Amino acid sequence: MRLALGRLRESLRVLPALFLVLDVGSALMLVRVYRSIDREGAAFAISGGPDSARAVLSTIAASILGLIALVFSITIVTLQLTSSQFSPRALPNFLRDRTSQVTLSTFIGLY
C-alpha cells in the first residue's frame, strides 16, 4: 500500500490529471454563470463580436502553448544534464518535489 501511494505521489500523471478535471469543472461553471448573467449589464466587459473573441483566445492559446513547450524542454534538458553529471538519483527527487509537480500541472491545466 505504501509503495502504491509513493508511486502515485512521484507520478507526473496524477496531479496534472487532477488539475485538468478541476479546469473542466471550472469551465463548465463559468459557462453556467455566463448564461445566467444579464447581457445588457455585461456589455461594458464584452466589446466586439465572436470573431474578435476567437482571435484573442487563439492568440492566448498559441502563446501559452509556446511557453509550455519552452518550460518542458528546458526542464527535460536540465534533468538530463543533472542526471548525467551528478547521479541518476536526481530524477526521483525532482518527481517527488511538490513545487515542480504543481508548476507543471498548472501549465498543463492552462492549456
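Everything numeric here is computed off the predicted structure, so don't read it as measured data.
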To the nearest 0.5 Å, tell me how far Ser73 OG sits from Ile68 CD1. 11.5 Å
Any chance you could measure Leu70, atom CG, to Thr75, atom OG1, to the nearest 0.5 Å? 9.0 Å
Leu30 meets the side chain to side chain contact (heavy atoms under 4.5 Å, CB included) criterion, sequence neighbours left out, with none
Same apolar cluster (I L V M F W Y, side chains within < 4.5 Å links), Phe19/Val24: no
Once salt bridge (Lys or Arg N to Asp or Glu O under 4.0 Å) is applied, what residue pairs with a partner in residues 50-77 remain, sequence neighbours excluded? Asp51-Arg54
So how far is it from Leu18 CG to Asp23 CG, rounded to the nearest 0.5 Å? 9.5 Å
Residues at least two apart in sequence or cross-chain that pass side chain to side chain contact (heavy atoms under 4.5 Å, CB included) with Leu67, listed by chain then number, are Val71, Phe107
